[in-house]
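Written out below as structure tokens is the structure these notes cover.
Since the model is a prediction, treat every value here as computed from it, not as a measurement.
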Amino acid sequence: MTRRRYGRIAAAAAGLTACCLVLSLWFVARDRGAPPSRAVSSVQLEQPGGQAAPAPGRPGHRPAMLSVTTPLAACEARIERQARRLPTVAIVGASYTAGTGPDNPELSWAVVLARLLHWNAVIYGVPGAGYDRTSPSGRGPVSRMLGQEGLQRLGPALVVVQAGHDDVGVPAGLEGRRVSAAVNLIRAAAPGARIALLTTFAVAPGGSPALRQTDQAIVTAGTAADPDVIVMDPLAGRWTFPRASDGLHPTAAGDAWIARTVAASLRAHGVRAAPATSTAPVICDVSVGTGKPASATA
């Protein structure tokens, strides 16, 4: 066999190897099933005229707001460019965060909390997502959602994770490792942020044995990963609030109750609302599987 023929064979083999590597990388990317970091669409909520929206004064009340569809990265860029920057809260969660119940993310506890705090907010809600499980749409789990929020550039003062109900049945050890991974990711990407975990909700007071096991795994792993973590445990606290017809999710009034309860817990841990000033908070909301706010709501 000539040297030239050996060269042709070697070149062909190298080309085949490169093709296989490219194909393998394509399969890995495809199976991840998530958009690149911050490359998801959001709704930017703002008061007409760019003025700061007043905090809701009673359950079900909401000020006139405009919603503008924009890429999440573009909405976050507005926060990053803010001249007199307000503190920012980053929230990821499951159906409660997405606004399931009132079926409008503008009425979710997360959006109401941002208004109560008068903080900028990046909110990402995916029904069915957990610390371990992905949603039926393939989004999640929590760690991936946190990565999509771009915490390092955002520099939030507080990161809140609402998840757990959809992980029922996941072995406690595995659930604990997923919670630890999420907390560690937040600490690495946003070392100056406080971390808060909003754990499981149940239909019946006290929940099922499986739900209690999941809840305990979250609390145990979260506090072990960060002794300063703020734990808000609706299951152990037997939170009672108005519910939608499915018996699990809150109504708009229920979401407002949850937001006030979360705000009170945060205050008890030193997290304070910003004074109402001329600086208008920017709220970037990504919610899957629920109706988006209308172009103008009252």
Side-chain angles (χ1 to χ4, degrees), residues 91-102 108-110 112-113 123-136 139-146 158-183 186 195-226 229-251 254-266 268-269 287-290:
I91 302 174
V92 300
S95 53
Y96 273 58
T97 300
T100 303
S108 74
W109 71 271
V112 177
L113 175 67
I123 301 165
Y124 193 178
V126 178
Y131 288 98
D132 180 70
R133 295 205 169 126
T134 57
S135 72
R139 300 206 187 199
V142 160
S143 291
R144 183 178 293 164
M145 294 162 64
L146 288 166
L158 172 68
V159 180
V160 184
V161 179
Q162 175 268 308
H165 184 274
D166 297 291
D167 283 333
V168 171
V170 173
L174 177 57
E175 182 75 357
R177 289 192 294 275
R178 296 288 190 258
V179 173
S180 296
V183 171
I186 295 168
I195 302 173
L197 306 181
L198 182 55
T199 68
T200 61
F201 292 88
V203 175
S208 66
L211 186 62
R212 290 195 294 273
Q213 176 178 288
T214 299
D215 189 77
Q216 189 56 50
I218 295 169
V219 173
T220 301
T223 52
D226 182 356
V229 72
I230 301 168
V231 175
M232 296 167 284
D233 193 337
L235 185 65
R238 293 177 176 261
W239 288 12
T240 302
F241 47 83
R243 307 260 183 169
S245 58
D246 64 4
L248 173 62
H249 296 98
T251 61
D255 270 304
W257 185 94
I258 293 169
R260 292 194 301 272
T261 302
V262 169
S265 179
L266 294 174
H269 288 85
S287 296
V288 179
T290 54

Give the C-alpha distance, both sets of side-chain angles, the deciding distance and a yes or no for side-chain contact (heavy atoms from CB on, under 4.5 Å) between Tyr96 and Leu198. CA-CA 10 Å; Tyr96 273 58; Leu198 182 55; over 6 Å; no

Passing option when Leu197 is tested against Val229, Asp226, Thr223, Val160 for side chain to side chain contact (heavy atoms under 4.5 Å, CB included): Val229

Applying side chain to side chain contact (heavy atoms under 4.5 Å, CB included) to Thr134 and not counting sequence neighbours gives Pro141

How many angstroms lie between CG in Leu266 and CD1 in Ile230, if you round to the nearest 0.5 Å? 5.5 Å

Does the side chain of Ile91 come within less than 4.5 Å of Leu113's, by heavy atoms? yes

Name the orientation class of the two ring planes belonging to Trp239 and Phe201 (parallel below 30°, tilted from 30 to 60°, perpendicular beyond 60°). perpendicular

Distance-minimising heavy-atom pair for Ala244 and Gly101: CB-CA, 4.0 Å

So the salt bridge (Lys or Arg N to Asp or Glu O under 4.0 Å) pairs with at least one residue in residues 230-245 (sequence neighbours excluded) are none

Report the residues that fulfil side-chain hydrogen bond (donor to acceptor under 3.5 Å, both in side chains) with Asp167, sequence neighbours left out, ordered by chain and then residue number. none

Where the side chain of Gln162 meets the backbone of Thr97, is there a donor-acceptor pair that is under 3.5 Å apart? yes

Here the gap from Gln216 atom CD to Thr200 atom OG1, rounded to the nearest 0.5 Å, amounts to 10.0 Å

On a heavy-atom basis, which atom in Ala202 and which in Leu248 lie closest, and how many Å separate them? C-CD1, 4.0 Å

Under 3.5 Å donor-acceptor, Asp255 side chain and Ser108 backbone: no

Donor-acceptor check, side chain of Arg144 to backbone of Arg139, threshold 3.5 angstrom: yes or no? no

dist His165:NE2 -> Leu235:CG (nearest 0.5 Å) comes out at 9.5 Å

Presence of salt bridge, Asp166 and Arg133, under 4.0 angstrom: no

Mark yes or no for whether Ser265, through its side chain, and Thr261, through its backbone, hold a donor-acceptor pair below 3.5 Å. no

Give the minimum heavy-atom separation between Asp132 and Arg178, together with the two atoms involved. OD1-NE, 2.9 Å

OG1/Thr100 to CG/Asp246 distance, rounded to the nearest 0.5 angstrom? 8.5 Å

Trp257/Thr251 under side-chain contact (heavy atoms from CB on, under 4.5 Å): CA gap, chis, key distance, verdict: CA-CA 10 Å; Trp257 185 94; Thr251 61; over 6 Å; no

